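Please read these numbers as outputs of a predicted model, since none were measured by experiment. Chain A is the first sequence line, chain B the second, and so forth, proteins listed ahead of strands; every chain is numbered from 1.
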Amino acid sequence: MNYWLVKSEPDTYGWHHFTKQGRAVWDGVRNYQARNNLRLMQLGDQVLFYHSILNPGVVGLATVVRESYPDPTFPDASAPARWFVVELEPVMALAKPVTLAQIKAEPMLAAIGLIKQSRLSVMPIRPDEFELILKMGMTGEAGSV
DNA sequence: GCCAACGTTGGC
DNA sequence: GCCAACGTTGGC
């Protein structure tokens with residue numbers, strides 16, 4: 001079991017779009033490092049869903065329901081696949097979003113990729129980091145999809 | 001709107 | 001292969 005964090009701008013594709021749709025093809029990734037991370041995702045991996053730009057923070061939990069395959073939105077279908085997608089499904093909303101400010105203020109999260117590589121849109125999360133963020137997000141009533 | 005970080009492109 | 005120019009992301 002691996003843990004990941006994916007970013008999305010809430011204006012473009014936010015948690016609400018995701019839960020309404022029920023399942024998302026995570027397409028449009030055009031960064032090699034992010035692409036490599038996508039390709040490492042396995043069925044059942046846990047994925048933190050992060051809103052960037054507007055009220056930045058982790059808002060929900062998702063899971064990998066289909067492993068990587070060539071990105072159908074990439075125009076050149078004749079060339080060897082260069083970009084890939086996975087499919088994700090929502091698991092639950094966090095009762096309270098874990099804001100970027102909270103993450104930055106937490107010493108145990110000082111090494112998290114979110115801070116160290118602020119522009120990367122798909123990144124691995126350590127199990128301890130994952131557990132802590134989930135715990136921080138679960139204070140209060142449990143969220144639901 | 002501004003700026004820092006950083007990835008990509010293209011000239012040499 | 002190096003590096004300057006440029007574009008994009010994302011925080012504030």
May I have the distance from A:Asn31 (atom CG) to C:dG10 (atom C1'), rounded to whole angstrom? 14 Å

Which whole-number value in Å describes the distance from A:Met123 CE to B:dC6 P? 12 Å

Taking atom C1' of C:dT9 as reference, at what distance in whole Å does atom CG of A:Leu100 sit? 14 Å

Is any side-chain heavy atom of A:Glu67 closer than 4.5 Å to one of A:Arg39? no

Could you give the CG-to-P distance, from A:Asp11 to C:dT9, as a whole number of Å? 14 Å

Is A:Lys7 near enough to C:dG10 that one of its side-chain N or O atoms lies under 4.0 angstrom from OP1 or OP2? yes

Selection: residues 114-122 of chain A, any non-hydrogen atom under 4.0 Å of DNA chain C: A:Ser118, A:Arg119

Tell me whether the OP1 or OP2 atom of C:dG11 has a side-chain N or O from A:Tyr50 closer than 4.0 Å. yes

Measure NE2/A:His51 against C1'/C:dC12 and give the value in whole Å, please. 19 Å

Have a look at A:Trp26 and tell me which of A:Trp4, A:Phe49, A:Phe84 forms a ring-ring contact (aromatic ring centres under 6.0 Å, His included) with it. A:Phe49

Derivation and outcome, side chain to side chain contact (heavy atoms under 4.5 Å, CB included), residues A:Lys7 and A:Leu114: CA-CA 10 Å; A:Lys7 291 182 183 176; A:Leu114 190 65; 3.6 Å; yes

Flag if over 12 foreign heavy atoms under 6.0 Å of NE2, A:His17: yes

Which whole-number value in Å describes the distance from A:Glu9 CD to C:dT9 P? 8 Å

Min side-chain heavy-atom separation A:Asp11-A:Ile53 under 4.5 Å: no

When rounded to whole Å, the CG to C1' distance for the pair A:Asn37 and B:dG7 reads 15 Å

Heavy-atom nearest pair, A:Asp45 first then A:Thr63, reads O-OG1, 3.0 Å

Whole-Å gap separating C1' (B:dG1) and CG (A:Leu54): 16 Å

